[in-house]
Amino acid sequence: MPDLTIGDILKSEADQNNRIAIPAPVGTKTGQLVKYAERKEYLIALSDETNGEVLVQPHNCVMFLGGILQTD
């Protein structure tokens, strides 16, 4: 997968202050799915895993998934 940034994925959001860090497996990369336990669903990682967490935007956003491989 090419190196992705938040700007490659997140095209619009109601409020960037809604971004949160959630637990993620070691080695998770930007663009991969991460389980969000509170809602029992998966979200797109907006950052690489650091200290066991990734950044996600769980509310009111528009994402472009064209740069993400289907296998991820």
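Residues: numbered from 1 along the sequence shown. Quick note: numbers below take in every heavy atom, side chains included, and nothing from hydrogens, waters or symmetry partners.
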Of the non-hydrogen atoms in A24 and T28, which two are nearest, and what is the gap between them? CB-OG1, 3.9 Å
Is D15 atom CG crowded by more than 12 heavy atoms from other residues, nucleotides or ligands, each under 6.0 Å away? yes
V62, L46: one ILVMFWY side-chain cluster at the under-4.5 Å cut-off? no
Partners meeting side-chain hydrogen bond (donor to acceptor under 3.5 Å, both in side chains) with E13 (sequence neighbours left out): R19, Q57
Would a distance-only check, ignoring hydrogens and angles, find a side-chain to backbone donor-acceptor pair under 3.5 Å from S47 to L55? yes
If you count the non-hydrogen atoms of other residues, nucleotides and ligands that lie under 6.0 Å from CD in E38, is the total more than 12? no
Other than F64, which residues form its hydrophobic cluster under the rule that side-chain heavy atoms must be closer than 4.5 Å? none
Just to verify, what does Q16 make a side-chain hydrogen bond (donor to acceptor under 3.5 Å, both in side chains) with, not counting sequence neighbours? none
Just jot down the side-chain hydrogen bond (donor to acceptor under 3.5 Å, both in side chains) partners of D48, sequence neighbours excluded, or say none. T30
Roughly how far, to the nearest 0.5 Å, is NZ of K29 from CG of D3? 8.0 Å
Where A21 and E53 come nearest, the two heavy atoms and their spacing: CB-OE1, 3.6 Å
With sequence neighbours excluded, residues passing side-chain hydrogen bond (donor to acceptor under 3.5 Å, both in side chains) with T50: none
Joint hydrophobic cluster, L33 plus L65, side-chain heavy atoms closer than 4.5 Å: yes
Other members of the hydrophobic cluster containing V34, with the 4.5 Å side-chain heavy-atom rule, please. I20, I22, Y36, L43, V54, V56
Can you establish whether the number of heavy atoms outside K11 located under 6.0 Å from its atom NZ is more than 12? yes
When rounded to the nearest 0.5 Å, the distance separating CD1 of I9 from CG of L4 is 5.0 Å
